[in-house]
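Reviewing the structure listed below.
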Amino acid sequence: MPSDVVRVIYRKYDGSAHRDYPARRLAEDDLGVWLGVTEGTASVYHGRPSVEQIPFVLLVPHRAWWTGMFNPPPRTSEVYCDIATPARWEGDDTVHLIDLDLDVVRRRSTGLVELRDEDEFAEHRVRFGYPDEVVAQAQAAAARLLTALGDGTEPFASAYRKWLALVV
C-alpha cells in the first residue's frame with residue numbers, strides 16, 4: 001500500500017536545493033500521481049524554510065518532462081507547470097525531480113498561457129551544461145504544454161478540480 005505522505009524534492013540540474021515539501025497522496029490514475037498540499041505546510045524554498053500560504057494540488061505525471069501545480073484563488077496562476085526531468089521515485093514516499101527552469105503558466109483572470117523563465121533556462125543551459133537531449137525534451141514539453149493549457153486538454157481543463165477541492 002502506498003504511503004499517505006510523499007516527500008517532494010526538486011533540485012536544480014547542478015544538484016542545488018530548489019523546493020522540498022511533504023504532500024498527501026490523493027490518488028494515482030493514468031495521468032500520474034495526484035498530491036495535495038494544504039495551507040500552512042512547512043516547506044523549503046531555495047534552501048530556506050518556508051510555509052505554504054495557499055494550498056495546491058501537484059500532478060506528478062508518469063514519465064513526462066513536467067509537473068503541474070493547480071491553484072485556487074487568490075493565486076493569480078490557475079495552473080503552473082514546471083518543466084522538469086521525469087520523476088524518479090524512491091520507494092513510494094519520496095519523489096525526486098530536476099527543475100529545468102522553464103515554466104508554463106495559465107493566468108486565472110485572463111486565461112493567458114505563457115512560457116516563463118526562458119532567460120534562466122538559457123543561462124543554466126550553459127552554466128550547468130544541459131545535454132542536448134535534455135534541452136530538446138524540455139523545449140518539446142514546454143511547446144506541448146503551451147497548447148494543452150490553452151485548448152481544454154485534460155487534466156488542465158477540469159480534471160484537477162476534484163483533487164483541489166480536497167485541500168482547500
Side-chain angles (χ1 to χ4, degrees), residues 1-12 17-46 49-109 111-116 137-138 140-168:
M1 171 172 265
S3 174
D4 287 341
V5 177
V6 173
R7 182 176 174 197
V8 179
I9 302 171
Y10 284 91
R11 295 200 175 279
K12 288 295 191 175
H18 183 52
R19 296 192 74 196
D20 188 332
Y21 54 87
R24 183 167 48 107
R25 182 186 299 269
L26 302 174
E28 183 170 353
D29 60 20
D30 60 325
L31 298 168
V33 178
W34 294 90
L35 303 171
V37 177
T38 56
E39 179 181 349
T41 297
S43 63
V44 176
Y45 188 64
H46 293 290
S50 184
V51 175
E52 297 299 332
Q53 300 299 311
I54 299 173
F56 62 91
V57 167
L58 181 74
L59 173 60
V60 179
H62 302 297
R63 298 168 303 281
W65 284 74
W66 57 272
T67 58
M69 186 184 339
F70 301 89
N71 304 302
R75 191 156 282 171
T76 59
S77 61
E78 180 182 11
V79 181
Y80 194 104
C81 293
D82 285 299
I83 304 302
T85 58
R88 181 179 61 80
W89 287 88
E90 183 180 331
D92 61 7
D93 62 354
T94 305
V95 62
H96 297 271
L97 301 138
I98 305 297
D99 180 88
L100 295 171
D101 315 310
L102 295 173
D103 304 302
V104 180
V105 180
R106 184 171 69 213
R107 295 289 167 206
R108 180 176 313 286
S109 62
L112 175 70
V113 178
E114 58 188 341
L115 178 61
R116 300 186 56 198
Q137 291 287 354
R144 283 190 300 275
L145 288 169
L146 280 167
T147 299
L149 267 68
D151 72 4
T153 298
E154 291 294 3
F156 307 110
S158 62
Y160 68 90
R161 292 181 186 178
K162 66 182 174 184
W163 306 120
L164 190 56
L166 298 176
V167 298
V168 293

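Because the structure is predicted, anything quoted here is derived from the model rather than measured.
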Under 3.5 Å donor-acceptor pairs involving side-chain atoms of residues 140-157, not counting sequence neighbours:
unit_1: D151; atom_1: OD1; unit_2: T153; atom_2: N; d: 2.9
unit_1: D151; atom_1: OD1; unit_2: T153; atom_2: OG1; d: 2.5
unit_1: D151; atom_1: OD2; unit_2: T153; atom_2: OG1; d: 3.4
unit_1: E154; atom_1: OE1; unit_2: A157; atom_2: N; d: 3.4
unit_1: E154; atom_1: OE1; unit_2: S158; atom_2: N; d: 3.1
unit_1: E154; atom_1: OE1; unit_2: A159; atom_2: N; d: 2.9
unit_1: E154; atom_1: OE2; unit_2: S158; atom_2: N; d: 3.4
unit_1: E154; atom_1: OE2; unit_2: S158; atom_2: OG; d: 3.1

Residues forming a side-chain hydrogen bond (donor to acceptor under 3.5 Å, both in side chains) with [X], sequence neighbours excluded:
X	answer
R107	T76, E114
T94	none
Y21	none
W66	none

Notebook entry, point to check: Which salt bridge (charged side-chain N to carboxylate O under 4.0 Å, His left out) pairs, counting each pair once, include a residue from residues 58-70, with sequence neighbours left out?
Noted result: none

Item checked: Where at least one partner belongs to residues 65-74, residue pairs that pass salt bridge (charged side-chain N to carboxylate O under 4.0 Å, His left out), sequence neighbours excluded -> none

Next item on the list: Please report the closest heavy-atom contact between A138 and L102, naming both atoms and the distance.
Entry: O-CD1, 4.2 Å

Margin query: To check you understand the geometry: which heavy-atom pair defines the closest contact between P22 and A42, and what is its length?
Written below: CD-O, 3.3 Å

Spacing of [atom1] belonging to [X] relative to [atom2] belonging to [Y], to within rounding of 0.5 Å:
X	Y	atom1	atom2	answer
L35	R24	CG	CZ	10.0 Å
L112	S77	CG	OG	12.0 Å
T41	E39	OG1	CD	9.0 Å

Notebook entry, point to check: M69 and T67: side-chain contact (heavy atoms from CB on, under 4.5 Å), yes or no, with the steps?
Noted result: CA-CA 7 Å; M69 186 184 339; T67 58; over 6 Å; no

Checklist line | side-chain contact (heavy atoms from CB on, under 4.5 Å) assessment of D93 paired with V5 | finding: CA-CA 6 Å; D93 62 354; V5 177; over 6 Å; no

Atom pairs and distances, donor-acceptor, side-chain atoms in residues 82-91, under 3.5 Å, two or more places apart:
unit_1: T85; atom_1: OG1; unit_2: I98; atom_2: N; d: 3.1
unit_1: E90; atom_1: OE1; unit_2: H96; atom_2: NE2; d: 2.7

Next item on the list: Applying side-chain contact (heavy atoms from CB on, under 4.5 Å), name anything that partners D20, two or more places apart in sequence or on another chain.
Entry: R7, I9, V44

Checklist line | Criterion side-chain contact (heavy atoms from CB on, under 4.5 Å) on R25 and D92, from CA distance to verdict | finding: CA-CA 10 Å; R25 182 186 299 269; D92 61 7; 3.8 Å; yes

Note to self: So, using salt bridge (charged side-chain N to carboxylate O under 4.0 Å, His left out) as the criterion, who are the partners of D101 when residues are at least two apart?
What the structure shows: K12

Margin query: Within the structure provided, determine whether H62 and L31 are in side-chain contact (heavy-atom separation under 4.5 Å).
Written below: no

Can I get a per-line list of side-chain donor-acceptor pairs under 3.5 Å for residues 161-168, giving both atom names and the distance, sequence neighbours left out?
unit_1: R161; atom_1: NH2; unit_2: E78; atom_2: OE2; d: 3.4

Anything under 3.5 Å between a donor and an acceptor, one on a side chain of residues 49-59, the other on a protein residue two or more places apart or in another chain? List them.
unit_1: E52; atom_1: OE2; unit_2: R19; atom_2: NH2; d: 3.0
unit_1: E52; atom_1: OE2; unit_2: S43; atom_2: OG; d: 3.1
unit_1: Q53; atom_1: NE2; unit_2: V51; atom_2: O; d: 3.1

Next item on the list: Mind telling me whether Y160 and F70 have parallel, tilted or perpendicular rings, with 30° and 60° as the class edges?
Entry: parallel

